[in-house]
Amino acid sequence: MIYADNAATTKMSDAAIDTMVACMKETYGNPSSLYEVGQKAKEVLENAREEVMKAIGANNFREILFTSGGSEADNQALRSAAEIGRAAGKMHIVSSAFEHHAILHTLKRLEKEGFEVTLVDVHEDGLVRPEEVEAAIREDTCLVTIMYANNEIGTIQPIREIGAICRAKGVLFHTDAVQAIGHIPVNVQEDNIDLLSASAHKFHGPKGTGFLYARKGIKLTNLIEGGAQERGKRAGTENVPGIAAMAVALNDAVANLEQNAEITKKKRDRLIAGLKEIEHSAINGDETKRLPGNVNFCFEGIEGESLLLLLDDKGIQASSGSACTSGSLDPSHVLLAIGRVHDVAHGSLRLTIDEKTSDEDVEFIITAVKDVVTYLRSFSPIWRDLVTGKKEFIL
Amino acid sequence: MALYSEKVMDHFRNPRNVGVIEDANGIGEVGNAKCGDIMKMYLKIEDDIVQDVKFETFGCGSAIASSSMATEMIKGKPLSEVRELTNKAVAEALDGLPDYKMHCSVLAEEAIKSALEDYEKRKEEK
């Protein structure tokens with residue numbers, strides 16, 4: 001089996017699993033309790049907070065808020081910035097068209113409440129232009145939210161430049177860094193980030209755990225009311241085992257980041273070169289300004305779900321932006337945002353590998369994709385129209 | 001739990017009657033690329049019987065399986081029976097489809113109906 005869907009989720013590391021189990025067995029107390037096993041759990045929690053803080057270049061442990069994952073962190077970041085804006089009479093938000101749905105759907109909600117949202121273009125290369133963000137900022141802009149790296153096509157955004165613009169203009173800057181953390185260098189101070197969301201299961205930690213970084217002085221709005229956990233900003237007994245495991249996974253990821261990225265990039269580039277040999281195909285997103293493990297292609301004349309099923313039969317796990325894999329009639333909003341037309345967007349394939357993917361795996365994937373694409377094209381009426389000249393090739 | 005039944009996967013992996021009939025006397029194409037499904041049916045009808053049928057499909061697993069199953073259900077059958085084929089019958093023969101994939105069986109029914117219409121039209125023109 002070749003697991004090539006690390007952007008969907010990653011396999012937990014042994015160290016993270018061991019930490020989690022040990023915590024469940026030994027440090028099972030409630031961190032809010034005053035007796036020993038409770039205080040030990042509190043210690044585990046606060047140690048984890050300090051590790052996470054260091055891993056993203058923050059310098060105040062109070063800036064880290066543990067959440068149930070990336071979506072919750074995104075929701076709370078946007079909601080908080082919106083409430084700060086509302087109080088100041090600033091009700092305009094700048095974002096991009098290919099954000100994660102945790103952002104886009106929260107923005108829709110805010111629009112219903114009277115906020116105005118401007119989505120900047122992400123261009124054909126899948127990259128936001130800092131100068132266009134700058135141009136979109138108005139007197140009444142309370143927040144700019146741009147993802148660090150895109151979850152489908154892996155393109156890495158000019159976060160530092162956007163952050164600098166926001167800082168100069170006095171506008172809060174949030175970034176959904178779910179796909180970036182642990183894979184590429186992220187430093188909240190150097191990158192001029194005010195708010196940042198992350199999720200543990202994208203860097204070999206457990207599901208159901210994540211965090212929100214909020215620079216000191218930014219007033220957070222609760223999504224969950226109740227007890228005084230997380231300084232009163234996120235009620236509910238803390239997921240101590242998950243948080244402890246997340247900190248271990250993040251430490252490992254950051255400690256080995258450069259080395260892993262180097263190894264993974266080589267395999268990614270070989271995959272890209274191999275898949276480019278398929279006629280009438282195209283890579284989605286800038287070829288180099290992308291996550292080390294992300295490969296995303298469109299193949300004309302075929303549909304993504306059938307491609308995935310046949311790859312699964314060959315032992316390859318991947319994903320697609322086709323409508324049929326999402327349960328809706330529209331293909332991926334990300335592919336549409338970079339200008340892929342529906343016909344072509346349905347035939348997309350995302351492979352997200354990591355440093356453990358072997359060279360043999362890479363060659364096997366290339367051969368398998370070539371075979372499956374050729375096979376599906378052999379009885380595709382669209383492909384027939386294309387090769388017989390009844391229709392013009394798009395790619 | 002698998003997304004599809006064994007039957008769907010069987011017809012998807014080993015589709016029956018794939019291809020083109022060069023001298024087909026009824027051809028129907030339905031769906032559009034925008035929605036991600038296109039089905040094309042080729043019929044060879046003689047003496048009011050579907051002597052041969054072939055299909056080409058651009059679409060997901062259940063679209064390919066629905067086309068394959070539908071062709072099996074009409075091959076060698078008199079037109080009176082073929083006209084009665086419903087999408088429900090196709091879906092049932094596949095041991096069911098997920099709710100949001102039922103439209104694939106609808107496309108199969110429509111593709112056959114469209115090919116039959118083409119056949120009738122050609123007959124009138126003769």
Side-chain angles (χ1 to χ4, degrees), chain A residues 280 298-315 317 319-332 335-336 340-349 371-388 390-395, chain B residues 2-6 8-22 24 27-42 53-68 71 97-108 110-111 114-115:
Chain A
H280 303 292
C298 279
F299 304 106
E300 197 160 8
I302 62 154
E303 192 279 330
E305 192 212 67
S306 41
L307 173 63
L308 291 190
L309 290 170
L310 291 174
L311 289 178
D312 186 26
D313 276 353
K314 291 176 185 280
Q317 268 94 64
S319 84
S320 169
S322 116
C324 276
T325 58
S326 67
S328 82
L329 279 178
D330 279 320
S332 142
L335 297 179
L336 297 179
R340 293 283 182 229
V341 296
H342 279 67
D343 309 35
V344 165
H346 285 297
S348 80
L349 174 70
D371 288 351
V372 172
V373 169
T374 305
Y375 167 71
L376 287 172
R377 280 175 174 174
S378 76
F379 60 94
S380 160
I382 294 190
W383 185 251
R384 171 177 303 281
D385 287 351
L386 291 167
V387 291
T388 55
K390 261 173 89 181
K391 249 186 179 176
E392 266 182 53
F393 281 104
I394 298 167
L395 301 180
Chain B
L3 173 64
Y4 293 128
S5 71
E6 288 282 331
V8 172
M9 287 310 291
D10 175 39
H11 275 264
F12 167 64
R13 289 186 181 118
N14 311 293
R16 281 64 148 175
N17 307 308
V18 172
V20 178
I21 300 175
E22 294 298 346
I27 299 175
E29 183 175 313
V30 295
N32 66 68
K34 202 172 176 232
C35 302
D37 291 297
I38 294 182
M39 272 183 210
K40 196 165 181 180
M41 288 277 173
Y42 301 84
V53 50
K54 294 249 191 278
F55 80 90
E56 290 182 308
T57 291
F58 160 89
C60 59
S62 61
I64 292 170
S66 296
S67 327
S68 167
T71 59
L97 288 171
D99 280 351
Y100 69 102
K101 296 283 189 176
M102 280 305 283
H103 72 98
C104 293
S105 63
V106 173
L107 275 183
E110 287 174 352
S114 157

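Below, chains carry the letters A, B, ... as their sequence lines are ordered, and counting in each starts from 1. No experiment lies behind these values; they were computed from the predicted model shown.
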Margin query: If you compare all heavy atoms of B:Cys60 against all heavy atoms of A:Glu305, which two are closest, and at what distance to 0.1 Å?
Written below: CB-OE1, 3.1 Å

Check: If you look at every heavy atom in A:Tyr375 and B:Arg13, which pair is closest and at what distance?
Finding: OH-O, 4.0 Å

Check: Between the main-chain N or O of B:Phe58 and the side-chain N or O of A:Glu303, is there a donor-acceptor pair closer than 3.5 Å?
Finding: no

Notebook entry, point to check: How long is the gap from CD on B:Glu29 to CD1 on A:Ile382, to the nearest 0.5 Å?
Noted result: 8.5 Å

Next item on the list: Taking all heavy atoms of A:His346 and all of B:Gly36, pick out the closest pair and write down the distance.
Entry: NE2-N, 3.3 Å

Check: So what's closer than 4.5 Å to chain B heavy atoms on A:Leu310: side chain, backbone, both or neither?
Finding: both

Check: To the nearest 0.5 Å, what is the distance between CG (A:Leu309) and CE (B:Met9)?
Finding: 5.0 Å

Checklist line | Proximity breakdown for A:Arg377 and chain B, heavy-atom pairs closer than 4.5 Å | finding: neither

Item checked: Region of B:Ile38 in contact with chain A, defined by heavy-atom distances below 4.5 Å -> both

